[in-house]
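Working notes, structure below.
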Amino acid sequence: MAKNSTLKTNWPKYLLQWGVLIALGLFLSPLGAKLFPSAEAASPETYCPMGGLEAFATYLVRGSLPCSMTTVQIVMGLFLAAAVVLFSKLFCAFLCPVGSVEDLLIKLRKAIHLKSITVPEGSAADKVLRIFKYGLVFWIFYMTMNASELFCKNLDPYYAVATGFKGEITLWMSITTVTLVVLGGLLVNRFWCRYICPLGAISNSFKFWIWMVVLFGGYYVLTLAGVSIAWPWLLGAFCLLGYLLEIISGKPRLQALHVMKNESLCNKCGACELSCPYSIAISEYNGKVNSVDCTLCGECVATCRRDALYVGVTRRGRRRFFTKWIAPIIALGVLAAGYFIGKKFELPTINEKWGIEAYDADSNIVNLVDPASLVYFDMHDMKSVKCFGSSMAFKARLEKIAGTHGVKTYVGSHRVSILYDPAVVTEDEIKEKIFVPSHFRINSPDPKALPKLKVQTIRVEKMYDKLSLNYLGLQMRLTGKAVYGVESMYDCPVIVKVYMDPAETLDKDWYKEVVDKKTLDMPVHGGGVKQTPVDLEFVRVEPGESYIGISEYLHMMFDGFSAKFNGSYTAADGSSYVEKREAHYEGAAQYIYEVASQDYEKPIIKKALPYLSNWLSSAEGVISLELALNKELVPSIQVRYAAPMTAEKIWEMMTSPTWKITYKADDVREESARMSFPTPGIKYPYEK
């Protein structure tokens with residue numbers, strides 16, 4: 001171990017930093033799915049304070065929460081801000097995974113004897129570099145608050161790595177930020193944290209909280225006075241003020257804890273400055289080190305051999321040991337308090353109302369209905385309502401129902417609260433109109449071995465959401481019974497048809513055990529079990545049985561895909577026009593090129609079909625693409641075409657390692673193929 005190592009003297013910091021990294025690694029790994037089976041534990045954004053602050057700002061501006069953000073993230077973000085105001089940037093010192101990686105890069109650089117670049121605190125270069133993180137704050141918050149989608153995920157290095165670069169990222173942005181973290185951190189101490197990190201910029205601004213209170217208070221007073229100032233101006237003022245305070249002052253004074261210095265014991269050896277991750281010029285401070293960059297990480301305190309430094313408490317007696325613990329304990333306390341308090345209540349992701357008020361010709365508000373006559377009712381276990389986008393889609397469905405006037409959605413608990421007029425519509429009528437009949441394939445029957453299937457009907461309560469049937473089907477799959485599919489139809493209670501092998505016998509007790517299970521325990525890839533809460537209630541088995549032919553059943557259960565293409569053509573007079581290729585090639589000899597596989601029903605294949613369709617449509621002569629069952633009842637991709645296209649050209653395009661995808665007329669990208677086709681298809685004449 002190097003002489004200047006602080007692993008022994010500042011071990012609480014390393015214990016917490018490395019503990020967080022290990023915990024995140026476990027949560028996001030297959031082993032984590034086994035040890036922590038809840039879906040929440042496996043999400044890389046569950047405890048992100050940056051996302052929480054974005055969500056809170058969006059809620060204040062739009063009255064809605066972005067993405068799948070919940071109150072947990074918001075409270076974590078607000079507690080982060082409170083911790084900065086009262087203590088310091090404890091999240092940056094002890095909990096941030098990117099900050100921990102930056103500290104590890106410092107140790108790596110020393111181990112490989114790589115020379116560092118020192119950017120002196122307060123130098124011109126230091127002041128110029130600091131502006132970048134404030135520019136990022138404005139860009140991220142502006143985009144998030146406009147679109148109600150967490151824009152930070154496009155470029156967050158932690159999110160990119162945690163999702164294996166497969167999350168909702170913009171690849172070039174993520175690669176750029178990860179490169180800045182690694183290369184920047186190898187050359188300059190905490191380069192990302194000092195100059196790029198938007199959360200670091202926000203934290204530094206909160207250290208000057210009196211000025212921020214004045215800024216937001218002034219904005220509020222002007223609003224009350226009738227002065228209309230668009231929120232982007234307030235956001236810009238916040239960023240500009242934070243940057244100016246950081247480079248001009250750099251010394252927040254209203255903070256409870258600081259690194260304290262006993263001048264009588266300090267011999268100005270400079271060891272503390274060499275160990276500081278932010279290269280703070282500690283020797284220039286008297287009494288307390290109130291630099292805006294200080295995170296109370298304790299590295300300087302651990303390095304000082306004369307005990308001249310301590311963290312905001314006396315140096316003598318037993319309390320000297322306590323100085324190692326005070327900042328990590330507060331950091332853990334803030335984290336735990338934010339999590340548990342955030343779990344106690346929930347803000348609605350959207351809180352929308354419509355059809356209650358209107359404006360007359362004189363711009364006066366006119367009530368279309370009496371607000372006092374409207375009431376709310378709740379629907380639980382709405383698993384498909386899981387983010388801002390799905391909440392707005394649910395709202396759009398409600399708006400089509402006469403008598404409904406509002407909705408609140410709570411994506412954390414998958415609950416919706418619907419505002420309606422009882423004089424116009426009833427709860428049961430609303431439930432019926434928002435109900436989506438659906439079907440779910442549990443297993444694939446062999447058409448050659450089973451000419452028909454047996455059908456039983458059961459009744460189920462609390463099946464309001466379209467995903468509830470999927471969960472019920474998965475529960476049945478886990479039993480190993482020869483059940484092939486389920487189908488739901490609205491009634492009260494809901495009708496569920498169960499399709500099974502004619503030899504299978506299922507009784508009331510079996511159905512009740514499966515339907516009433518409160519968790520779906522699904523094995524996950526790599527081992528472990530993912531637990532999903534469910535809340536269905538078995539009512540009864542309807543008397544009697546029926547049968548359905550295997551062909552009818554497979555066609556009923558099959559979810560196909562269809563796309564028909566247009567072409568650009570030249571008329572006799574030389575003008576150009578667009579026409580459906582189906583009409584253009586009417587009367588010409590047409591063919592089908594078919595590639596069949598049982599795998600084509602898998603969701604990952606269906607997600608790739610629009611890209612394949614887009615690519616093939618760029619070639620003249622390709623009329624349409626469909627995913628359908630062929631004559632042998634096998635899922636197949638069927639490409640309809642006419643001359644000048646040929647089967648050989650279609651196969652060549654399908655198996656090309658790259659596809660040209662047209663997103664817009666001026667945005668054509670060459671991308672890696674989304675599908676592979678190991679076996680060539682067959683060609684046959686098209687018949688209407």
Side-chain angles (χ1 to χ4, degrees), residues 48-66 69-92 130-152 197-257 290 292-293 334 337-338 341-342 345 347-349 351:
C48 173
M50 179 66 181
L53 292 173
E54 289 177 74
F56 184 64
T58 305
Y59 186 79
L60 293 178
V61 169
R62 297 171 59 102
S64 62
L65 298 181
M69 290 288 101
T70 66
T71 312
V72 171
Q73 288 93 347
I74 289 178
V75 174
M76 298 284 268
L78 294 178
F79 271 52
L80 163 80
V84 171
V85 168
L86 294 174
F87 309 112
S88 188
K89 300 188 294 183
L90 303 182
F91 178 83
C92 304
R130 288 177 186 270
I131 198 171
F132 287 103
K133 61 179 181 277
Y134 287 95
L136 269 183
V137 170
F138 182 86
W139 187 30
I140 288 171
F141 274 74
Y142 180 83
M143 298 297 289
T144 298
M145 292 157 73
N146 263 325
S148 206
E149 293 287 338
L150 284 189
F151 186 76
C152 66
C197 180
L199 187 58
I202 295 171
S203 298
N204 286 0
S205 299
F206 284 154
K207 281 197 170 189
F208 302 99
W209 60 272
I210 290 291
W211 285 97
M212 296 305 159
V213 168
V214 171
L215 173 65
F216 285 95
Y219 178 83
Y220 180 69
V221 170
L222 289 174
T223 302
L224 290 180
V227 179
S228 178
I229 303 175
W231 62 263
W233 289 100
L234 177 64
L235 175 62
F238 172 82
C239 296
L240 179 60
L241 180 60
Y243 171 67
L244 292 176
L245 288 169
E246 182 172 327
I247 65 169
I248 295 173
S249 171
K251 296 180 180 180
R253 306 183 188 282
L254 298 173
Q255 187 175 301
L257 287 179
N290 59 338
V292 71
D293 286 331
V334 169
I341 293 177
F345 64 97
L347 290 172
T349 296
N351 182 3

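For this chain, numbers begin at 1 and follow the sequence in order.
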Practice item. For Val137 and Cys239, work out which heavy atoms get closest and say how close. Key: CG1-SG, 3.7 Å

Point to revise | Heavy-atom neighbours of Phe132 CZ exceed 12 at 6.0 Å | key: no

Point to revise | Value rounded to 0.5 Å, distance of OG in Ser148 from CE in Met143 | key: 13.0 Å

Check your understanding: Rounded to the nearest 0.5 Å, how far apart are CD1 of Ile341 and CE of Met76?
Key -> 11.0 Å

Check your understanding: Is there side-chain contact between Trp231 and Leu60, with at least one heavy-atom pair below 4.5 Å?
Key -> no

Review point. Under a 4.5 Å cut-off applied to non-hydrogen side-chain atoms, are Tyr59 and Ser64 in contact?
Key: no

Study note, to complete from the structure: residues 236-250 vs salt bridge (charged side-chain N to carboxylate O under 4.0 Å, His left out), sequence neighbours excluded, gives Arg130-Glu246, Lys133-Glu246

Check your understanding: More than 12 non-hydrogen atoms from neighbouring residues, nucleotides or ligands closer than 6.0 Å to CH2 on Trp211, yes or no?
Key -> no

Study note, to complete from the structure: side-chain contact (heavy atoms from CB on, under 4.5 Å) test vs Tyr134 passes for just one of Leu244, Leu241, Asn204, Leu240, namely Asn204

Exercise for review: Find out whether Thr223 and Ile229 are in side-chain contact, i.e. whether some heavy atom of one side chain is under 4.5 Å from a heavy atom of the other.
Suggested key: no

Review point. Take atom CZ in Phe216; do more than 12 heavy atoms of anything else shown fall under 6.0 Å from it?
Key: yes

Revision key, fill the gap. Of all heavy-atom pairs linking Met50 and Ile140, the shortest is CE-CG2, 4.1 Å

Exercise for review: State which residues pass ring-ring contact (aromatic ring centres under 6.0 Å, His included) with Phe138; sequence neighbours excluded, sorted by chain then number.
Suggested key: Tyr142

Practice item. Check Thr144 against Cys152 and note the closest heavy-atom contact, atom names and distance. Key: OG1-N, 4.4 Å

Exercise for review: Let me see the working for Leu347 and Met69 under side chain to side chain contact (heavy atoms under 4.5 Å, CB included), right down to the final yes or no.
Suggested key: CA-CA 10 Å; Leu347 290 172; Met69 290 288 101; over 6 Å; no

Revision key, fill the gap. When rounded to the nearest 0.5 Å, the distance separating CG of Leu80 from CG of Leu90 is 9.0 Å

Review point. Can you find a pair of side-chain heavy atoms, one from Leu234 and one from Leu215, that are under 4.5 Å apart?
Key: yes

Review point. Are a donor atom and an acceptor atom from the side chains of Asn290 and Lys207 found within less than 3.5 Å of each other?
Key: no

Exercise for review: Determine yes or no for a side-chain-to-main-chain donor-acceptor pair under 3.5 angstrom, with Trp209 supplying the side chain and Leu254 the backbone.
Suggested key: yes

Point to revise | Reported CG-to-OG distance for the pair Leu257 and Ser88, which is rounded to 0.5 angstrom | key: 8.5 Å

Point to revise | Taking every non-hydrogen atom, the tightest pair across Val75 and Phe345 | key: CG2-CZ, 4.0 Å

Check your understanding: Within the distance-only criterion (no hydrogens, no angle test), does the side chain of Gln255 pair as donor or acceptor with the backbone N or O of Phe87 below 3.5 angstrom?
Key -> yes

**Study point:** Ring centre gap for Phe151 and Trp139 strictly below 6.0 Å
**Key:** yes

Check your understanding: Is there a donor-acceptor contact under 3.5 Å from the side chain of Thr58 to the main chain of Leu65?
Key -> no

Check your understanding: Does the pair Phe91 and Ser203 meet the rule for a side chain to side chain contact (heavy atoms under 4.5 Å, CB included), with working shown?
Key -> CA-CA 9 Å; Phe91 178 83; Ser203 298; over 6 Å; no

